[in-house]
Amino acid sequence: MKVLVTVKRVIDYNVKVRVKSDNSDVDLNNVKMAMNPFCEIAVEEAVRLKEAGVASEVVVVSLGPQAAQEQLRTALALGADRGILVQSDENLESLTVAKLLAKVIGEEQPGLVIMGKQAIDTDNNQTGQMLAALTGMPQGTFASEVKVSGDKVQVTREVDGGLQTVELTMPAIVTTDLRLNEPRYASLPNIMKAKRKPLETKTPEDLGVAVKAHTQLLKVEPPAQRQAGIKVASVEELVDKLKNEAKVI
Amino acid sequence: MAILIIAEHDNQSLKGATLNAVTAATQIGGDVHILVAGAGCQAVADAASAVAGVSKVLLADNAAYEHQLAENVSLLVAELGTDYSHVIAPATTAGKNLMPRVAALLDVAQLSDVIRVDSEDTFARPIYAGNAIATVKSLDAIKVITIRGTGFDAAAAEGGSAVIEAVTAVHDAGISTFIGEEMAKSDRPELTAASVIVSGGRGMGNGENFALLESLADKLGAAVGASRAAVDAGFVPNDMQVGQTGKIVAPDLYIAVGISGAIQHLAGMKDSKVIVAINKDEEAPIFSVADYGLVADLFDAVPELDGKL
């Protein structure tokens, strides 16, 4: 079975985000970029399926600027077999990304698609579900456990209040939550080996998808800052303030 | 213009998150309808019809919708959605699972986690873990939206008298099956609905020490939460996690105990009305957002606080 996994190039999660002074967007100039953390978990899960003999090939796909090749090479160093970059310098909204991925899936015919549940830049949490709708596949979102058996996959999902388990008929789409696995680090020999793995570049035009804007970003602002309050000297003073000043107890 | 809200429910009761979505819909303006899709869920429809500001309840009561599998319910919502200007759900795990699937079927975008309504097509939403707020205009004819509950007050659960209309359309995609669920049992209020929350972090040291917080919470009628550090350390289960990757909460009173205040945690609780921090490290970032900070050893301060309430 072929497993297709997607990775997104985003701002490194350790970098402090700054809003541009003209409020047009977040400032990404000279900022360290990295693979979206939820996508790292997706790559790890795909590679583990291959190591367990469940998957025969792991194909990794990214959509974005040419520089996203770096994240594809990282995924190849982590154990993916082959990369595809759908290259575009335009702003690709979730629905467009899903349409492009649906075309890639049409060509590749994977049995399982593993994606991060959301990217830490736009925090949309949409693409996997949209791709599932467009391909008519079932979806196991926010996965904390994935078990493949025969033509079914059982996915344990992190839902409000606990865990839910669903069984999906493959081909299916899984989106990863934080506790699915602990991604490995790439070893130096594997980083060197990854440079020789195949990486193919396509464009939205090649795939026959028109890039369309469904939304318009009007402005981006820093969030309202909360002011620090006071330090109290004792539990007694705290209780007094909560009762008589804040009046919340 | 009419707005369709997808009810959050468990076939028995209407969940509070639905009421925040009703307020958001009222701010957009227009007729507000609620869809209750489930099985044996008449009681939910009755509750929805009593919500102030709702003019109609659509009840799709069928075995195919029992566990609200996105594969089935999305087909129903996409069919109904073409009659509406907006389709809205709370940004709960159920809403987040369902709505992008609906949006794609309708060939429109989705606006996730909306915290403010500016006009019928323009909304604010947090990006980059709440470190920036984007104002976004939808260019689509049908706006598919999930609402972050902390951005909107709850609509009154009583006072309305909407008509209930049965929806007979049955959609069963036949590609997914519910196997089971493990829900955490608790007599305390749910985190996202609680007016007081007591949360513990890595400073708690271990899971047993959370008993200190539970005792305090029971006196205050509070829910108990945790930081990601406490969850990752295995002290408590992950459904207790407050933060960008866990629950987003905004209670009247939030008491952070032994929590340093990582950005990821602050993103989940900084909209609380009053924040109290108890931490022995006076440099902890949590103090920069706390209304009342107490620099003290939590193992002394929490029992003392418990005793004084």
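So you know, we letter chains A, B, ... as the sequences are listed, proteins then strands, and number each from 1. What you are looking at is a predicted structure, and each value in this text was computed from that prediction instead of being measured.
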Per-residue tally against chain B (heavy atom, under 4.5 Å) across A/V19, A/V26, A/N23 peaks at A/V26
(request) Could you tell me whether A/K212 and B/D140 make a salt bridge, using a distance below 4.0 angstrom between a side-chain N and a carboxylate O? (result) no
Highest number of heavy-atom pairs under 4.5 Å with chain B among A/G229, A/A233, A/G128 belongs to A/G229
Answer key: most heavy-atom pairs under 4.5 Å with chain B among A/T215, A/T165, A/L218 is A/T165
Q) More than 12 foreign heavy atoms under 6.0 Å from NZ of B/K308: is that the case here? A) yes
B/S112 and A/N124 have their tightest heavy-atom pair at OG-O, 2.8 Å
Heaviest contributor of heavy-atom pairs below 4.5 Å to chain B, chosen from A/T175, A/T141, A/L163, is A/L163
Turns out that what part of B/T122 lies under 4.5 Å from chain A's heavy atoms comes down to side chain
Smallest heavy-atom separation, B/V295 atom then A/K231 atom, equals CG2-CD, 3.7 Å
ask   = Is it true that atom CD of A/Q109 has more than 12 heavy atoms of other residues, nucleotides or ligands lying nearer than 6.0 Å?
value = yes
Bottom line for B/L69: the part with an atom under 4.5 Å from chain A's heavy atoms is side chain
Of A/L168, A/V232, A/T169, the largest count of non-hydrogen pairs under 4.5 angstrom with chain B goes to A/V232
Applying a strict 4.5 Å limit to non-hydrogen atoms, the region of B/A173 in contact with chain A is neither
Worked check of side chain to side chain contact (heavy atoms under 4.5 Å, CB included) between A/L95 and B/V108
CA-CA 7 Å; A/L95 184 59; B/V108 299; 5.6 Å; no
Most heavy-atom pairs under 4.5 Å with chain B, out of A/Q227, A/Q154, A/E237, A/R157, belong to A/R157
Okay, B/A296 and chain A: the region with an atom under 4.5 Å from a heavy atom over there is neither
Does A/Q139 use its side chain to pair, donor to acceptor, with the backbone of B/N97 at less than 3.5 Å?
yes
Stepwise side chain to side chain contact (heavy atoms under 4.5 Å, CB included) check, A/Q129 with B/Q110: CA-CA 11 Å; A/Q129 297 88 315; B/Q110 175 187 296; over 6 Å; no
When you measure from the side chain of B/R125 to the backbone of A/T122, do you find a donor-acceptor pair of N or O atoms at a distance under 3.5 Å?
yes
Okay, B/K273 and chain A: the region with an atom under 4.5 Å from a heavy atom over there is backbone
Checklist line | Under 3.5 Å donor-acceptor, A/D160 side chain and B/T93 backbone | finding: yes
Worksheet item: Are there more than 12 heavy atoms of other residues, nucleotides or ligands under 6.0 Å from atom CD of B/E182?
Response: no
Turns out that what part of B/Q244 lies under 4.5 Å from chain A's heavy atoms comes down to side chain
Whatever's closer than 4.5 Å to a heavy atom in chain B on A/R179 counts as side chain
Begin from the C-alpha positions of B/E304 and A/L238 and carry the test side chain to side chain contact (heavy atoms under 4.5 Å, CB included) through to its verdict.
-> CA-CA 11 Å; B/E304 192 186 342; A/L238 175 62; over 6 Å; no
When the 4.5 angstrom heavy-atom criterion is applied to B/V276 and chain A, the contacting part is side chain
Quiz prompt | Close side-chain approach of A/V159 and B/M183, heavy atoms under 4.5 Å | solution = yes
Begin with the C-alpha distance, continue with both residues' side-chain angles, and end with the deciding distance and a verdict on side chain to side chain contact (heavy atoms under 4.5 Å, CB included) for A/V248 and B/V196.
CA-CA 9 Å; A/V248 285; B/V196 181; over 6 Å; no
Non-hydrogen side-chain atoms of B/Y292 and A/I230 separated by less than 4.5 Å | yes
In short, A/M137 meets B/I175 closest at the heavy-atom pair C-CD1, 3.8 Å
Close side-chain approach of A/V166 and B/H67, heavy atoms under 4.5 Å: no
